[in-house]
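Counting from 1, the numbers follow the sequence of the chain as shown.
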Amino acid sequence: METESEPYVRLATLRQLHEVMADMNTARSLADTLQTVAEGVVKGLGYELACVNLVRPDSDLVVAAFAGNAAAEALITGRVGSRESWERRLSMGEHWGDLVFIPHTEGWVLDDDDVPQWYTDGPAPRFEDEWHPSDRLFAPMYTPGGPGGSCGELIGVLSVDRPRNGRRPGAWGREALQMYAFQAAIAISNARLRANMQRALVRLEREQQALRASEESFRQAFEYAPSGMAIAEMGGDQHGRILRTNDALCRLLGRPASAMRRYSFSDLVHPEDIGTLLRTSAEGGRAELRLGRRDGTYVWVSLRNSVVADAADGPRFLLTHVEDIEERKRRELQLAHRASHDSLTGLPNSAELRSRLSSRLCHRPTHPGALESLDAAYGHPAFDANGHGFDFRPGGGVEVFDGFDHHVHTVAPANDHDDGTKGLAVLFCDLDGFKSINDRFGHNAGDAVLIEVARRLSRGVRDGDTVARLGGDEFVVLADGLGRADAQDLAVRLRSEIIQPIRIDGRAMRVGASFGIGWAHCGMTADEVLKSADERMYVEKRSRPKQHRRAG
């Protein structure tokens, strides 16, 4: 009877195993898979208790699932046993293939270790293969596909207890438990993989959502920024070509977005600012330059480039912020003009006159005595074998003349006769009779006279000449490229312009003008040049009859 029923029992067990394996492979989560594995031992293998001990990332094992006893489940689920204690257990007892059986006669040494456990005392076995409550049976679960067909990495241990028939499992029961542990390991590995994939998908979706939100935030910040924004290509044949602009930049330049995409910033920048643009485009950073409007005018902008790089391919495009600074630049130019020009007449003031004059003068020694002094002081000639001169600065610097520094030397006619030499003439003008106008008609009338004299002087010189107000009723004219006769003719013409009647508030007023002509040349300072012209003006003023110097 027993031999006839055994095949039927085994077939029924196989059906149950098939069902529980199908359940654990179709569980929807890792937690469901672990619980299904524990319950499958009770349902399909004939044990009353089953526990799944899962290896954690720190290598210790946690009780992840329990089946068969609610009180035991509540007591030990979630508790952790050290990997060291588990390694000790798996090395003890009898090894039934991959299974480990520790009989109660040996297992008592494990009662006090840190592995969570549920056990009860009972009487000694009445026959050889009877199960004792303190017997332990473990089925290690390994990842499949180890090298050479061996077991892979330990992922957990199945603990089983209380066979329903009260006996230790025979060959068939051992084989079934071992096969079940193998399939459970596959199910748990797959569940972990699915869980990791799900977490990765969730993380990816969150990142994509964050990216979409970031892109939308960037789009709104770009489109609705109060100042100009542009994206341009970087590298390749289309380097600098504008890909996208916002409304603020289109309004600033008076160009539609569709037209802007036909340009690069180098097409729009003022020719004098192209070098500044190229440096900024190559390195990123900030620059102030002029961009062309549609109507042909230029606007001053602060342009800030940020290089947006791709980790793999290098720089990809430029993000450009364009801020209108026209008003600030206008104020700066006005302040600079006020600092260098006379507030009443609009002419260059004394400081600007000296600056322009000094820029034309170097400090080259001009007489043999000075050169000999330099030779003696420095122990070597002041000129080299090729005749190039050197100016030894007090701080140790040396200035090289005659083309080495590209300085065009300012020279003066050698004497009072016109020898054909062209130089920088300095005409010092002092008005005659101006004080009497201030005294008789007031300072407003005097200011009006000065404004008109400035206009007449400016009208009487060439483009490129400088007319400056030195202070009070003194004016200076710098006229380059004149000989002595040319300078004298210029002084006569300017005097003739000034002495013409000036109508102020219906009155005709006259002032005279005395001119002194000085000559600038390298080796002189600006003050020395002006003093020379001033002295000549006084010589000229004293030499003229007093009645010719009076205002009418």
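When all heavy atoms of Val322 and Thr320 are compared, the pair lying nearest together is CG2-CG2, 3.9 Å. The two residues Glu288 and Thr276 come nearest to each other via the heavy atoms O-CG2, 4.5 Å. Minimum interatomic distance between Arg174 and Pro169 (heavy atoms only, all atoms of both residues): NE-O, 3.0 Å. The two residues Arg294 and Pro256 make their nearest non-hydrogen contact at NH1-CD, 4.2 Å. Contact detail for Leu90 and Val100: the closest heavy-atom pair is O-CG2, 3.7 Å. Of all non-hydrogen atoms in Leu319 and Met229, the two that sit nearest each other are CD1-CE, 4.1 Å.
Side-chain atoms of Ser82 and Asp60 include no donor-acceptor pair closer than 3.5 Å. When only modelled atom types and interatomic distance are considered, Glu94 and Trp96 share a side-chain donor-acceptor pair under 3.5 Å. Side-chain polar atoms of Ser302 and Arg286 form a donor-acceptor pair below 3.5 angstrom. Looking at Ser264 and Arg241, their side chains never bring a donor and an acceptor atom within 3.5 Å of each other.
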Test log, rule side-chain contact (heavy atoms from CB on, under 4.5 Å), inputs Glu130 and Phe127: CA-CA 6 Å; Glu130 184 180 6; Phe127 42 88; 3.3 Å; yes
message: Would Glu73 and Asn69 count as a side-chain contact (heavy atoms from CB on, under 4.5 Å) here? Give the steps.
response: CA-CA 6 Å; Glu73 180 180 0; Asn69 186 303; over 6 Å; no
field: side chain to side chain donor-acceptor pair (under 3.5 Å) evaluation trace for Asp114 with Ser85
entry: CA-CA 7 Å; Asp114 61 359; Ser85 295; 2.6 Å; yes
message: Would Arg293 and Asp295 count as a salt bridge (Lys or Arg N to Asp or Glu O under 4.0 Å) here? Give the steps.
response: CA-CA 5 Å; Arg293 291 191 175 107; Asp295 60 7; 5.4 Å; no
task: Evaluate the salt bridge (Lys or Arg N to Asp or Glu O under 4.0 Å) criterion for residues Arg212 and Glu205: first the C-alpha distance (whole Å), next the side-chain angles of each, then the deciding distance (0.1 Å), finally the verdict.
output: CA-CA 10 Å; Arg212 287 192 293 269; Glu205 178 60 25; 3.2 Å; yes
task: Decide yes or no on side-chain contact (heavy atoms from CB on, under 4.5 Å) for His270 and Leu291, but give the supporting numbers first.
output: CA-CA 6 Å; His270 192 284; Leu291 293 179; over 6 Å; no
message: Run the side chain to side chain donor-acceptor pair (under 3.5 Å) test on Ser159 and Asn53 for me, step by step, so that the C-alpha distance in whole Å, both residues' side-chain angles and the decisive distance to 0.1 Å come before the verdict.
response: CA-CA 8 Å; Ser159 300; Asn53 301 274; 3.2 Å; yes
message: Checking Asp129 against Arg167 for the salt bridge (Lys or Arg N to Asp or Glu O under 4.0 Å) test, could you report, in this order, the C-alpha distance in whole Å, the side-chain angles of both residues, the deciding distance, and whether it holds?
response: CA-CA 6 Å; Asp129 61 347; Arg167 296 178 178 275; 2.8 Å; yes
- request: Apply side-chain contact (heavy atoms from CB on, under 4.5 Å) to the pair Arg356 and Arg360, showing each step before the final yes or no.
  value: CA-CA 7 Å; Arg356 295 187 185 184; Arg360 290 295 314 278; over 6 Å; no
task: Walk me through it: do Asp113 and Arg89 pass the test salt bridge (Lys or Arg N to Asp or Glu O under 4.0 Å)?
output: CA-CA 10 Å; Asp113 69 6; Arg89 288 173 177 240; 3.0 Å; yes
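With a 4.5 Å cut-off on side-chain heavy atoms, Leu253 and Met260 count as touching. Residues Phe265 and Leu318 form no side-chain contact, since every pair of their non-hydrogen atoms from C-beta on lies 4.5 Å or further apart. With contacts defined as side-chain heavy-atom distances shorter than 4.5 Å, the pair Met141/Leu54 does not qualify. Contact check for Glu326 versus Arg331: no side-chain heavy atoms found under the 4.5 Å cut-off. With contacts defined as side-chain heavy-atom distances shorter than 4.5 Å, the pair Phe182/Asp98 does not qualify. Inter-residue side-chain proximity for Arg168 and Pro163 is flagged as unmet; no heavy-atom pair is nearer than 4.5 Å. Residues Leu45 and Val160 are not in side-chain contact: their nearest non-hydrogen atoms beyond the backbone lie 4.5 Å or more apart. Counting only heavy atoms from C-beta outward, the side chains of Arg136 and Gln117 approach each other to under 4.5 Å.
Within a 6.0 Å radius of CZ in Arg164, more than 12 heavy atoms belonging to other residues, nucleotides or ligands are found. By the 6.0 Å contact criterion, CZ on Arg126 is open, its count of non-hydrogen atoms from other residues, nucleotides or ligands being 12 or less. More than 12 non-hydrogen atoms from other residues, nucleotides or ligands lie less than 6.0 angstrom from CD of Glu87. Residue-environment remark: CD (Glu216) exceeds the threshold of 12 foreign heavy atoms within 6.0 Å.
Separation of atoms CH2 (Trp300) and CD (Glu323) is listed at 14.0 Å; rounding is to 0.5 Å. Interatomic distance, Leu268 CG to Tyr298 OH, rounded to the nearest 0.5 Å: 9.0 Å. Residue Leu158 holds its CG atom at 8.5 Å from SG of Cys51, rounded to the nearest 0.5 Å. The CG atom of Asp324 sits 10.0 Å away from the OG atom of Ser227 when rounded to the nearest 0.5 Å. Interatomic distance, CG of Leu303 versus CG of Leu289, reported as 5.5 Å (0.5 Å rounding). Note that the CZ atom of Phe138 and the CG atom of Leu177 stand 12.0 Å from one another [nearest 0.5 Å].
Checking side-chain atoms of His341 against main-chain N and O of His337 turns up a donor-acceptor pair under 3.5 Å. Put simply, the side chain of Asn349 gets close to the backbone of Ala339: a donor and an acceptor are under 3.5 Å apart. Proximity of a side-chain donor or acceptor of Tyr47 to a complementary backbone N or O of Gly68 within less than 3.5 Å is not detected. In this structure, Asp135 contributes its side chain and His132 its backbone to a donor-acceptor pair below 3.5 Å. Arg28 places no side-chain N or O within 3.5 Å of a backbone atom of Thr33 that could act as its donor or acceptor partner. No donor-acceptor pair under 3.5 Å is formed between the side chain of Thr77 and the backbone N or O of Ala65. Listed for the Ser355 side chain is no donor-acceptor partner under 3.5 Å among the backbone atoms of Ala351. When atom types are taken as modelled, the side chain of Ser91 and the backbone of Arg88 share a donor-acceptor pair closer than 3.5 angstrom.
Each of Arg328, Glu332, Glu327 was scored for a side-chain contact (heavy atoms from CB on, under 4.5 Å) with Arg330, with one residue passing: Glu327.
Between Phe101 and Trp131, the angle of the ring planes lies from 30° to 60°, which puts this pair in the tilted group.
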